[in-house]
2 protein chains.
Amino acid sequence: MIRIVLAEDQKLLRGALATLLSLEDDIEVVGQAENGEEVMSMIQQYEPDVAVLDIEMPLKTGLDIAELVQKNKLAVRVIILTTFARPGYFQRAMQAGVYGYLLKDTGSEELADAIRRVYDGKRVINSELSLAVWDDPCPLSPREREVMKLAAQGLVLQDIGAQLFLSYGTVRNYMSEAIGKLGANTRIEAIDIARSKGWLD
Amino acid sequence: MIRIVLAEDQKLLRGALATLLSLEDDIEVVGQAENGEEVMSMIQQYEPDVAVLDIEMPLKTGLDIAELVQKNKLAVRVIILTTFARPGYFQRAMQAGVYGYLLKDTGSEELADAIRRVYDGKRVINSELSLAVWDDPCPLSPREREVMKLAAQGLVLQDIGAQLFLSYGTVRNYMSEAIGKLGANTRIEAIDIARSKGWLD
DNA sequence: CCTTTTTTCTGACATTTGTCATAACCGGCT
DNA sequence: AGCCGGTTATGACAAATGTCAGAAAAAAGG
């Protein structure tokens, strides 16, 4: 019997998945969580074989959890289940040593299969991602990313500088560089591009 | 037997819902669609009693479908099922005469109940929305909204003017007005606010 | 018919943004 | 030791943005 926990903030999907997976006769859903902290304590308490995690959840994201699991050397194997095929997410997940990365656009039978394969120690990666996405690293330097992140929240250059303890001119340069590197014409376009690639998280 | 069609672009949720709803012995899922156009032709072909529609789908949104159903006086009753509690979405749905508006954060048993109630001619509206949201209309004039929409795509004022056949100065004024009305300090903040309320769709 | 709102526009102004050149400092890599 | 990339910074300049005042025509509502 494969013991799993499920973390997904939308009740409808969470409930539906739990019901469907429970129907598989080699899978047992030992816990369902609606946010990151809840699933973390379930993992510690129940010590499941596999954890299926959504990325975008309150309190802690699925990626945060994957990194915590890695850092604390917990035995559970992580499968990330997300809507978004964002390179940045995918790479962070790989670095956190997850065993599976699936999109919500896969069928539930595939998900059950993936759980079995991961339980057997294999890795299951969405095929489009593993190919297309590897060579699409974020072109921004760490500082440039920080500036973009704050800009994405609507801050003006002055305030960004104040928050990062940088001079106005420096921030202006980073912004300009970032816009150039992303091939955008305006700040807003640059933010859209970076967001869609998952480079602002 | 209540005959329904389901439209939802994420295969996982779509499949899971279809399976769960089929287990109810008074509900029959006669069609599943992954985009707006597909569900439209299913409605015309199968003439189901109820249509459960996601909003954000390719080709046509659930709101587009609801409006088409209303315009063509089709007999099907529409339930909108969405992630987002956005006032703008909700109001558009109400104007299109939908029978149900539910969030994906409800349980599947509630969904099944909602389908039964709607089949009986009752309306089922998410309670938080029906109260809180009524008095939160978009403060922007139609023109201001159009300007914001284009700005949200990263266009500069010049280009926005060119697209809408407005002078540069006029666009600048609309932008300024919009930022003011939304209580923002920058264009980016204004876009964020408007997006989160569903006023840019 | 009168009033109000919306749409449209102009001009003026201060500020912000984006680009570019230039330069110093640091850490790694070869 | 020398080079490269990231970080930090300045100054200068053009362009874009945001604000304000004022004004006229059209549409909507009473």
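Per chain, numbering begins at 1; letters A, B, ... match sequence-line order. All heavy atoms count here, side chains included; hydrogens, waters and symmetry mates do not.
Toward the 5′ end of DNA chain D lies the nearest nucleotide of A:K181, the other residue of the pair A:K181 and A:F165 mapping further downstream. Mapped onto DNA chain C by nearest heavy atom, B:Y168 and B:T186 fall at different nucleotides, with B:Y168 at the one closer to the 5' end. Both A:M175 and B:S167 lie near DNA chain C, and the one whose nearest nucleotide falls closer to the 5' end is B:S167.
The distance from atom CD1 of A:I188 to atom P of C:dT16 is 17 Å, rounded to the nearest whole Å. Distance CD1 (B:I179) to C1' (D:dA16): 12 Å, rounded to an integer number of Å. A:L140 has its CG atom 15 Å from the C1' atom of D:dT7, to the nearest Å. For the pair A:N173 CG and C:dT17 C1', the computed distance is 12 Å after rounding to whole Å. Between A:E177 atom CD and D:dA9 atom C1' there is a gap of 15 Å when expressed in whole angstrom units. B:M148 has its CE atom 14 Å from the P atom of D:dT17, to the nearest Å. Per the geometry, CG belonging to A:N185 stands 17 Å off P belonging to C:dT17, to the nearest Å. Between A:Y174 atom OH and D:dT10 atom P there is a gap of 12 Å when expressed in whole angstrom units.
Each of D:dG18, C:dT17, C:dC9 was ranked by its minimum atom distance to the side chain of B:S176; first place goes to D:dG18. For A:R172, the listed nucleotide lying nearest its side chain is C:dG18; candidates were C:dG18, C:dT7, D:dG6. In this structure, the nucleotide among C:dT17, D:dT17, C:dT7 sitting nearest to the side chain of B:V156 is D:dT17. Proximity note for A:S141 (side chain, C-beta onward) versus D:dG6, C:dT17, D:dG18: the nearest is D:dG6.
Of the possible donor and acceptor atoms, none in the side chain of A:R145 sits under 3.5 Å from a partner among the backbone N and O of A:C138. With hydrogens and angles ignored, the 3.5 Å screen pairs a side-chain donor or acceptor of A:D105 with a backbone N or O of B:K11.
Under the 4.0 Å criterion applied to side-chain N and carboxylate O atoms, A:D64 and A:R92 are assigned as salt-bridge partners. With respect to the salt-bridge test (charged N to carboxylate O, under 4.0 angstrom), the residues B:E177 and B:R143 do not qualify. The pair A:R116-A:D113 counts as a salt bridge, with a side-chain nitrogen and a carboxylate oxygen less than 4.0 angstrom apart.
Proximity of B:R143 to the phosphate of C:dT6: no side-chain N or O atom is located under 4.0 Å from OP1 or OP2.
Contact annotation for B:T170: base contact, defined as any heavy-atom pair under 4.0 Å involving a base atom.
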